[in-house]
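A quick write-up on the structure given underneath.
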Amino acid sequence: MPSLDSTTPITSELIAAHGITPEEYARIQGILGRDPNITELGMFSVMWSEHCSYKNSKPILKLFSKMNAALPHQENLLVKPGQENAGIVDIGDGLAVCFKIESHNHPSAIEPFQGAATGVGGILRDIFTMGARPVLLMNSLRFGDLAQPVSQRLFRGVVAGIAHYGNCMGIPTVGGDVYFDASYEGNPLVNAMALGIIKKNEIVRGAATGVGNPVYYVGATTGRDGLGGAAFASKELSEQSHEDRPAVQVGDPFMEKLLMEACLELLKTNALVGMQDMGAAGLTCAGCETASRASTGVEIDLMHVPRRESGMIPYEILLSESQERMLVIVKKGKEKEVERIFEKWDLHAVKIGEVTKGDKYRVLHEGRVAAEIPAKALADEGPIYIREEERPAYLEEAQKLDLTAVKEAGDLSGVLKRLLSYPSIACKAWVWEQYDHMVRTDTVFYPGHDAALIRVKGTQKGIAVSTDCNSLYVYLDPLEGGKIAVAEAARNVVCSGAKPIGVTNCLNFGNPMKPEIFWQFHQAVSGMIESCTALEVPVTGGNVSFYNESPQGAIYPTPTIGMVGLLDNIDKRVPSAFRNEGDIVFLAGETFNELGGSHYLMIEHGLKKGLPPRLDLKRERALQQFILAAADGRKLVSCHDLSEGGLALALAECCLKSQQGLGASVTDLGEIRKGRAGLRTDALYFGESQSRAVISVKPEHRDEVKRLAQKRGVALFEIGKVGGDTLVIEDKVRLPVSEMKGLFNSTIPDIMEVP
């Protein structure tokens, strides 16, 4: 794009370079009653981009709100999707949790360290701008084949960026998930999630209410970094994307720590009216959104905006996405109090404007009007498109799987060893050991459990969080894959003893202009809604990330789920590993001849095909209710859900994550086979049938656990006992726990070792 100034003529080439179609430009002319100037064109460009306006996804996203309205316990959802920067759910005793997940994919592909770091910074601001103190971070990461140097570089940079920002902020990164697949070559996914605790009566809204109230700019100075980042995120990556490096923001976590503390201190005063993060689209977005929410106008003067670079024109100031900045609406007469707080924290706090009558976002510069646009036109009234949908042609071949042509593996111990050392399954300690996951001393379950778990200070409550998505399932069957993504994330939380209370999602897909991609998107959302409805879990908000394509093609569709659960009594938590010699091992749930989309099929036979396992939501709901009842009655010693790698891998993980290095003898699988004529041994050991969990119980609780399962209609099979130092599964698998640990723990460090 050529250099721009206030005299730059608006040409068709310049309009196209801003991602504005001829029809959209005509609409802008109609809104303004004139041609826009270059600054206004830039403002429309970022606010009408998919990243900010959801113009392609909004018709589908509305289905979440429709679903929420039909769920019970509406009063618990305190802030609904799309209303504010993050969703909020009541957890009782005057407290609530505020949480959200968002993507920073394109910036991380170009500059992995800063892209990931600023993704963390942005999601944290979404939380404390609501008045909540962030207490944990999570992430969900996807990279290409880890054997490739470019994937190693991106992986190393992203993890370092996440660790840098979170550690410096003093907020624990307590868990997440990491997968590797060739579909993410050149287009990694970096999804960051944060959760905060807030008092119900201290929720802050991002609205510019009260005509005459001052508008303050607080935090760091404005530079040219991040310029046009929202528009950059709304197009495919290409061979020329390195030229967009200036679109990647540069973060300063120490500055953000000061900003967070100052904003939370301001919350305790009666000076605050509203607060809004300057994230995507910067000052443009913050100004128009606060005005639009309050149905007021806002006028600002750019001459008062603190800058760290000289010669910046209005276009650059308004579109900059420099980090660690907030827009604060202050009660008139309380200016000195606000300035005192930010001065204490050594931060800028400058009055740049005020709330006005009418509906315009008016921007002044050097005594002239640089831009004047109806706020709602920018924030809420952008174009909305109903995109074409078409079932992808690849599915016809990809879903075909003739199991009679798939030879059962002979050496099942060898299969289990290969699964344990596969990067997507192997231990991610190389990742989370770089994160401070214990800071604030509230972390109860460290990374590596089914779900992360923290205590809520001053209460008996615990908050469990899981991020999850099997993108191969979604690729092979978007509807079923979307259902499973929600169900598995909920199952992870339930296995820790917590009841799911809310979902945030980050919907990562390719180019929505392609009918096949939009079909994937719609189907996956429909599947997610089916599971959320059956499990009675509301969606609180999230993020859509389209255009995740590189020259190699689109990523696997990846609707990442962030699931939050509540434990009323944290003493009733359930770990995922075996703990006591002699405990009885049960398999809860039914097993079927399902190998489609499995890691076994992919690793052992080189096949990424077949239908993924079918999810029966009645069976899933029953399993979760059984586990929660058993956990509440303190009848479970451990609980671990079955997912990638099936039963054999789940048993191995229960052993190798045991602090005592306990093995298990699993010798009685006959009852499982008895009810399933023709059940293949490889499907029994490594199939990924849904709605299953491995639990261990004390012998004296055996009958009570059986009664609870029967009451809820859950198939329960007693399959063995905890003990020894070896995992034995019938006469097919015999592996010392020490050997499994060696494979599981060393794979990623060995690959990532610097030559």
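Starting from 1, each residue takes its place in the sequence as its number.
The closest donor-acceptor contact from the side chain of Asn492 to the backbone of Ala451 lies at 3.5 Å or more, if one exists at all. The backbone N or O of Asp93 lies less than 3.5 Å from no partner atom in the side chain of Lys200, so there is not a single donor-acceptor pair. With hydrogens and angles ignored, the 3.5 Å screen pairs a side-chain donor or acceptor of Ser49 with a backbone N or O of Val46. With hydrogens and angles ignored, the 3.5 Å screen pairs no side-chain donor or acceptor of Thr296 with any backbone N or O of Thr209. The closest donor-acceptor contact from the side chain of Arg142 to the backbone of Leu189 lies at 3.5 Å or more, if one exists at all. Judged by distance alone, the side chain of Thr290 and the main-chain N or O of Ala286 form a donor-acceptor pair under 3.5 Å. Side chain of Lys428 to main chain of Ala426: a donor-acceptor pair is present (N/O by atom type, distance under 3.5 Å, no hydrogens or angles). The closest donor-acceptor contact from the side chain of Asn213 to the backbone of Ile329 lies at 3.5 Å or more, if one exists at all. Between the side chain of His104 and the backbone N or O of Gly115, at least one donor-acceptor pair lies under 3.5 Å. In this structure a side-chain-to-backbone donor-acceptor pair under 3.5 Å is present from Glu335 to Gly333.
Across Leu77 and Pro81, no two heavy atoms sit closer than the pair CD2-CD, 4.5 Å. Nearest heavy-atom pair, Cys98 versus Ala132, reported as atom, atom and distance to 0.1 Å: CB-CB, 3.8 Å. Nearest heavy atoms, Gln434 versus Ala163: O-CB, 3.2 Å. In this structure, Val493 and Gly565 approach most closely via the heavy-atom pair CG1-CA, 3.5 Å. Counting all heavy atoms, side chain and backbone alike, Asn548 lies closest to His106 at OD1-CE1, 3.8 Å. Smallest separation of non-hydrogen atoms from Ile570 and Leu453: CG1-CD2, 4.1 Å.
The distance from the CG atom of Asn505 to the OG1 atom of Thr560 is 9.0 Å, given to the nearest 0.5 Å. Taken to the nearest 0.5 Å, the CD1 atom of Ile555 stands 7.0 Å off from the OG atom of Ser545. Expressed to the nearest 0.5 Å, how far CH2 of Trp48 lies from OG of Ser53 amounts to 9.0 Å. Taking CG of Leu137 as the reference point, atom CD1 of Ile162 lies at 9.0 Å (rounded to 0.5 Å). Between atom CG of residue Asn76 and atom CG of residue Leu566 there is a gap of 9.5 Å, rounded to the nearest 0.5 Å. Atoms CH2 and CD1, from Trp430 and Ile751 in turn, are 10.5 Å apart once rounded to the nearest 0.5 Å.
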With side-chain contact (heavy atoms from CB on, under 4.5 Å) as the test, would you mind laying out the steps for Asp126 and Met130 before giving the verdict?
CA-CA 7 Å; Asp126 279 340; Met130 301 293 297; over 6 Å; no
For Met278 and Leu327: C-alpha separation, side-chain torsions, deciding distance, then whether side-chain contact (heavy atoms from CB on, under 4.5 Å) applies.
CA-CA 7 Å; Met278 288 191 220; Leu327 200 68; 4.0 Å; yes
Quick one, Asp450 with Lys657, criterion salt bridge (Lys or Arg N to Asp or Glu O under 4.0 Å). Give me CA distance, side-chain angles, the key distance, then yes/no.
CA-CA 11 Å; Asp450 283 26; Lys657 294 179 182 180; 5.7 Å; no
Audit row: Met260, Arg133, side-chain contact (heavy atoms from CB on, under 4.5 Å) steps and yes/no
CA-CA 8 Å; Met260 179 179 74; Arg133 176 173 288 280; 3.8 Å; yes
Could you walk me through whether Lys257 and Glu324 pass the salt bridge (Lys or Arg N to Asp or Glu O under 4.0 Å) check?
CA-CA 9 Å; Lys257 172 66 172 174; Glu324 295 89 35; over 6 Å; no
Verify side chain to side chain donor-acceptor pair (under 3.5 Å) between Asp277 and Asn85, making sure each step is shown before the conclusion.
CA-CA 8 Å; Asp277 165 36; Asn85 293 282; over 6 Å; no
Is there a side-chain contact (heavy atoms from CB on, under 4.5 Å) between Ile501 and Val97? Walk through the geometry before answering.
CA-CA 10 Å; Ile501 60 171; Val97 286; 4.1 Å; yes
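The shortest side-chain heavy-atom distance between Ser320 and Arg224 does not fall under the 4.5 Å cut-off. In this structure, Asn191 and Glu102 have side chains that are not in contact, with every pair of non-hydrogen atoms separated by 4.5 Å or more. Contact check for Arg293 versus Gln83: no side-chain heavy atoms found under the 4.5 Å cut-off. With contacts defined as side-chain heavy-atom distances shorter than 4.5 Å, the pair Phe99/Met138 does not qualify. Taking the side chain as every heavy atom from C-beta outward, Ile127 and Leu195 never approach each other to under 4.5 Å. With contacts defined as side-chain heavy-atom distances shorter than 4.5 Å, the pair Leu266/Val338 qualifies. Looking only at side-chain heavy atoms (C-beta outward), Thr540 and Lys100 stay at 4.5 Å or farther from each other. At a threshold of 4.5 Å between non-hydrogen side-chain atoms, the residues Leu136 and Val465 count as touching.
Ala429 meets the side-chain contact (heavy atoms from CB on, under 4.5 Å) test with Cys427, Trp432, Glu433; sequence neighbours excluded.
The neighbour count for Lys199 NZ, taken as heavy atoms of other residues, nucleotides or ligands under 6.0 Å away, does not exceed 12. Surrounding CD of Glu202 are more than 12 heavy atoms belonging to other residues, nucleotides or ligands, all under 6.0 Å away. Heavy-atom neighbours of Asn201 CG from other residues, nucleotides or ligands within 6.0 Å: above the threshold of 12.
Test Gln323, Arg308, Gln114 against Asp225 for side-chain hydrogen bond (donor to acceptor under 3.5 Å, both in side chains) and you get one pass: Arg308. Only one option out of His348, Glu354, Lys351, Glu339 pairs with Tyr216 in a side-chain hydrogen bond (donor to acceptor under 3.5 Å, both in side chains); it is Glu339.
Thr222 and Tyr217 are linked by a side-chain donor-acceptor pair at a separation below 3.5 angstrom, with hydrogens and angles left out of the test. In the model, Asp177 has a side-chain atom that pairs as donor or acceptor with a side-chain atom of Thr467 under 3.5 Å.
In this structure, Phe180 has its ring center under 6.0 Å from that of Phe155.
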